[in-house]
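Report on the structure given below.
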Amino acid sequence: MSSKLHLYTIPPHRAFADALANGLIRRFGSDPMRLARGTVLLPNNRAKRSIQDAFVRASEGGLLLPRLVALGDPELDEAVFDTDIVPEPVPPAVDPLQRQLILARLIQEAGQPVDAAEALRLAGELATTLDQLLVEEVPPQALNELELGPELSAHWQKSLNLFEILLERWPRELKRLGRIDLAERRRMLLDRVATRWRARPATEGFVCAAGVNTSAPAIARLLRVVAGMPGGMVVLPGLSTTISAAEWDMLGPHAPDPVTGARRRSIETHPQFQLKLLLDRMGVHRDEFDQWRAGSELDAPPARSKAIASAMAPPELTHGWTNLPAAERRLDGVRALEVATPAEEAQAIALALREVLETPGRTAALVTPDRALGRRVAAHCVRWGLEIDDSAGQPLSILPPGTLLSALADAAAQGFAPLPLLTLLKHPLVGQPDRLEWLEGARALDRALRGPRPAAGLEGVERHLADQSGRDAPIRRRAQRWWQEIQPPLRALEAAFGRGPQPLGGMIAALREAAQTLGGDAVWSRAEGRAAADLLDRLEREAEHGPPLAEPEAMAPMLRTLMDEQAVRPPQGGHPRLSILGLIEARLQTADLMILAGLNEGMWPGLPAPDPWLAPRVRAELGLPGLERRIGLSAHDLARALGAPQVLLTRARRDATAPTIASRYWLRLEALSGGLVRARELERWIAAIDDPRGFDPAARPAPKPELALRPKAIAVTEVDRLKADPYAFYARRMLRLMPLDSVDADPSAAWRGTAVHAVLQRWFEQDDCAPEKLRGRAEAMLSDERTHPMMRALWQPRLMEAIDWIASELVSSAGTGRRVIAVERRGVITFDGVELSGTFDRLDRLEGGGLAIVDYKTGKPPSLAAVREGFSLQLGLLGLIAERGGFDDINGRARAFEYWSLSRNRFGGFGYVESPCDPKRRDHLPADDFIDKAVAQFESAARMWLTGEEPFTAKLHPDYAPYAEYDQLMRRDEWYGRD
């Protein structure tokens with residue numbers, strides 16, 4: 001081994017990949033075979049692609065590349081050594097999914113009261129903690145040697161006890177399988193390569209370990225061996241050799257105090273901490289590093305590196321910023337853009353990317369941890385025909401095959417309730433190849449399932465569609481025919497999910513079969529489809545190792561947990577000059593313009609991910625990375641990206657839910673530079689690109705159709721709508737635009753009223769108003785499976801009391817000679833050239849032979865003020881129809897007009913009678929005049945809009961037009977209030 005270590009660093013202001021490639025070509029390129037005999041060790045496969053592209057840019061022709069090897073290669077020794085015969089193969093690694101399922105089973109077997117989905121999530125967290133123990137080479141028995149004292153909370157003590165149990169059982173599971181952990185296997189491979197080179201250093205070619213900033217002990221040992229070989233060299237990214245020794249020593253890790261044994265806290269959030277820890281474990285000092293003697297056209301001015309180092313100083317040293325020379329604070333080429341919303345941020349970034357293409361050969365890259373922002377930017381770029389893929393990929397859970405699997409599991413677990421059922425049936429992958437015909441059936445089913453949900457299960461949907469007694473009977477018939485055709489795969493899925501916990505493998509197989517039947521081969525096509533097929537295949541094969549039973553309700557969250565962890569990356573061959581990168585993908589990458597976006601706290605840097613298994617103090621005692629170390633890594637990523645020739649920093653002042661706080665890095669750069677240069681041109685562009693250059697708000701609509709086209713028939717319940725909001729009447733009756741109920745709607749007041757009316761109608765027609773049978777009718781309605789659970793739970797007590805009140809009130813009125821003669825009967829008359837129709841709730845015969853018109857209300861009756869203003873007069877119009885013989889077999893003069901309300905009365909109970917003609921009410925209308933007033937109001941309205949040519953003006957009397965079904969159609973917000 002060489003006595004001198006070959007250690008180098010490439011500062012942030014230089015493009016790492018291009019500088020490394022140029023330097024290696026300069027050193028070894030004179031002999032093409034010498035370069036080809038070399039080996040370059042890199043952190044991962046992404047880094048291999050970056051270095052390969054840099055060699056291509058630097059070669060200017062043909063070039064035999066050195067061997068590029070990722071340190072995480074599962075067969076690292078074979079990738080490094082060609083002819084060596086490995087005497088003893090390294091045991092294979094356990095499959096990550098198999099490990100997660102086994103750990104989930106162990107968590108449940110250890111007595112944790114969690115379902116399969118939560119057990120799987122906890123297993124993922126546990127696997128991460130186990131990997132950290134293996135990477136940091138912390139032996140399991142170290143847990144038993146900890147002296148934590150009594151101050152550890154009961155919660156953490158319980159988690160620690162469970163962790164120890166699992167840590168004891170997990171090795172037995174590995175032994176049973178004949179496998180080892182992947183992290184342990186990588187450590188063994190790294191040590192094997194280090195041992196081989198330590199005994200016999202490479203003599204042919206060179207070995208260069210480049211771009212590594214991982215501080216794992218096994219990595220450090222290997223790098224130390226490489227640095228000491230005659231043909232070896234270690235090139236680290238962005239190691240700061242200019243910061244003071246005092247600042248360097250502040251970073252840690254610190255030795256324990258010789259007296260108290262306490263340790264000073266390391267500054268793990270500093271971008272240099274990870275590299276310092278790596279150097280400490282290698283046993284080298286930063287003074288031993290030389291600067292790599294090569295650059296490229298993508299380098300920034302050297303002053304940039306000094307400014308970056310100053311900006312990232314520990315808080316204790318930032319007071320010295322004011323004393324720094326201007327050259328050490330200058331951020332030439334760095335601009336900032338602060339906008340109001342993420343939508344504006346995405347628009348601005350897309351404009352900046354598009355501008356780059358105006359200069360031939362110029363490149364740009366968007367770097368952000370915010371994947372939603374990356375997708376937004378890509379969508380904006382489509383307006384210019386630019387297809388830019390996010391190289392960080394997208395989680396399978398948000399791609400079509402993943403959302404289809406989630407929709408299948410949700411629908412089955414929720415008993416095919418309308419909302420998840422329609423989500424499944426309208427999924428874009430379902431119903432191919434006759435997609436249009438499929439959608440027609442799905443839309444018919446959508447219409448039929450509007451309103452409160454039917455009974456659970458496919459049988460509940462079947463019975464709901466078979467009930468064709470209402471006005472939507474034609475729609476239900478059409479939906480029923482289509483429903484019969486598409487049921488078979490859903491039946492099989494329902495049987496597999498069943499009731500209660502089921503075997504995991506059976507449910508996965510049922511999901512796969514249902515997806516294939518409903519979507520065909522299109523579900524498994526493309527990269528995301530293949531990823532979904534592979535996940536289901538592995539999950540089905542490994543299910544026997546996981547929890548023996550899983551709740552159907554846990555399947556959807558379990559799948560989402562697994563799919564969230566699986567990124568589907570686009571195939572190679574995206575835009576040659578523009579790219580969208582995550583933080584990991586951006587390492588070792590550079591471009592003429594680097595756009596660093598999403599610079600808000602909680603995003604860049606992200607919030608530390610909590611460890612549910614080990615308390616922060618336990619992690620510190622074991623020597624595991626602190627939860628904040630990721631912040632230091634994100635700071636290092638930012639420092640490297642700031643080294644591009646041109647940099648644009650962006651942030652939004654608020655996100656989708658609340659105002660945001662500027663990233664600590666944004667604030668540091670602002671304070672250091674005395675104010676970042678603003679990208680004013682971009683601000684003007686985003687203001688102008690979608691500016692309509694003027695607004696033309698709609699006027700208040702007042703359509704005036706021809707007289708012959710106007711309806712000549714009206715129901716008594718529509719008269720108020722005609723008078724208060726003529727446009728709404730026009731939209732409903734002439735345009736025939738009817739508002740739709742929501743899917744899976746809560747029971748509305750109208751729905752409750754219909755249910756009560758049906759109970760009272762059957763009570764009169766079938767029980768002859770026998771008081772003792774009314775309560776039974778109401779209880780039967782509430783216990784019906786079609787009754788909404790919320791209505792049953794919340795409305796039942798008050799409904800039963802109000803029902804009892806109706807029965808007792810009718811018994812009392814019968815003593816005065818009043819009796820019910822008809823319920824729910826429709827009548828029609830012709831009045832002033834218009835057909836007037838209406839249906840009364842109940843009609844009573846008074847003692848003197850007169851008629852009483854009764855209307856049931858589940859809420860409050862109309863106010864007397866509304867009646868005096870000429871509204872809420874339908875009782876009077878029903879009286880008019882009755883007096884003119886509009887109701888079959890009913891005659892007489894209307895003498896009473898009553899609302900029987902089932903709401904709370906003034907005595908605290910439920911149920912009371914109210915009448916606009918009650919003499920006890922001040923300003924009441926005499927009963928003898930009530931019909932005349934109703935007739936006058938109706939006659940005026942009919943002559944204006946039905947038999948006249950008055951325009952149907954929107955919101956003519958807004959105080960009496962409370963419903964908003966047609967507000968969007970009339971574009972109400974554009975004109976209301978401008979008068």
Side-chain angles (χ1 to χ4, degrees), residues 339-344 347 383 447 450 653-654 656-657 684 686-743 745-746 748-750 834 859-860 862-874 877 934 936-979:
V339 294
T341 64
E344 291 186 9
Q347 181 72 273
R383 79 191 304 172
R447 291 283 305 275
R450 298 245 162 194
R653 289 188 290 271
R654 67 169 297 118
T657 58
R684 291 193 295 271
I686 60 176
I689 190 168
D690 291 322
D691 184 2
R693 305 295 178 92
F695 298 90
D696 186 17
R700 187 180 207 165
K704 191 176 181 181
E706 297 178 7
L707 181 61
L709 299 176
R710 299 188 179 219
K712 299 299 185 292
I714 188 172
V716 296
T717 53
E718 294 180 307
V719 175
D720 279 0
R721 186 190 301 269
L722 175 63
K723 292 177 56 183
D725 192 353
Y727 183 86
F729 178 87
Y730 163 81
R732 190 182 187 97
R733 289 295 306 276
M734 298 194 67
L735 301 183
R736 299 187 179 182
L737 299 175
M738 304 295 289
L740 297 176
D741 290 332
S742 300
V743 174
D746 292 336
S748 63
V834 175
K860 290 184 177 181
S863 68
L864 189 57
V867 174
R868 288 201 163 274
E869 289 293 324
F871 296 92
S872 302
L873 294 170
Q874 53 264 41
L877 295 177
Q937 293 293 330
F938 171 70
E939 190 175 32
S940 172
R943 289 178 178 176
M944 291 175 65
W945 288 290
L946 303 182
T947 60
E949 296 185 351
E950 188 75 13
F952 290 90
T953 307
K955 297 289 183 184
L956 195 59
H957 298 285
D959 291 342
Y960 299 101
Y963 301 109
E965 297 104 328
Y966 302 100
D967 282 7
Q968 187 176 14
L969 182 65
M970 66 178 68
R971 297 167 69 170
R972 173 187 177 275
D973 291 347
E974 296 184 37
W975 53 264
Y976 188 73
R978 290 196 296 115
D979 296 345

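Between Y730 atom OH and L737 atom CG the span is 9.0 Å, to the nearest 0.5 Å. Rounded to the nearest 0.5 angstrom, Y727 OH and Y966 OH are separated by 10.0 Å. The CG atom of L956 lies 6.5 Å from the CZ atom of R700; values are rounded to the nearest 0.5 Å. The distance from atom CG of L873 to atom CZ of R868, rounded to the nearest 0.5 Å, is 11.0 Å. Taking CE of M970 as the start and OH of Y976 as the end, the distance is 11.0 Å to the nearest 0.5 Å. With rounding to the nearest 0.5 Å, the separation of CD in Q347 from CG in D690 is 5.0 Å.
Across all non-hydrogen atoms, the minimal contact from W945 to F952 is O-CZ, 3.5 Å. The shortest non-hydrogen separation linking A702 to T953 is CB-OG1, 3.8 Å. For V339 against E344, the heavy-atom pair with the smallest separation is CB-OE1, 3.6 Å.
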Check step by step if side-chain contact (heavy atoms from CB on, under 4.5 Å) holds for R732 and L735. CA-CA 6 Å; R732 190 182 187 97; L735 301 183; over 6 Å; no

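When the ring pair (Phe, Tyr, Trp, His ring centres under 6.0 Å) test is applied to F871, the partners found at least two apart in sequence or on another chain are H957, Y960.
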Can I get a per-line list of side-chain donor-acceptor pairs under 3.5 Å for residues 712-725, giving both atom names and the distance, sequence neighbours left out?
residue : atom : partner : partner atom : Å
K712    : NZ   : L707    : O            : 3.0
K712    : NZ   : R710    : O            : 2.9
K712    : NZ   : L946    : O            : 3.4
E718    : OE1  : A715    : N            : 3.1
E718    : OE1  : R733    : NH1          : 3.0
D720    : OD1  : S872    : N            : 3.1
D720    : OD2  : S872    : N            : 2.8
K723    : NZ   : G870    : O            : 2.3
K723    : NZ   : Q937    : OE1          : 2.7
D725    : OD1  : A728    : N            : 3.4
D725    : OD1  : K955    : N            : 2.9

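Other residues, nucleotides and ligands place more than 12 heavy atoms under 6.0 Å from the CZ atom of R653.
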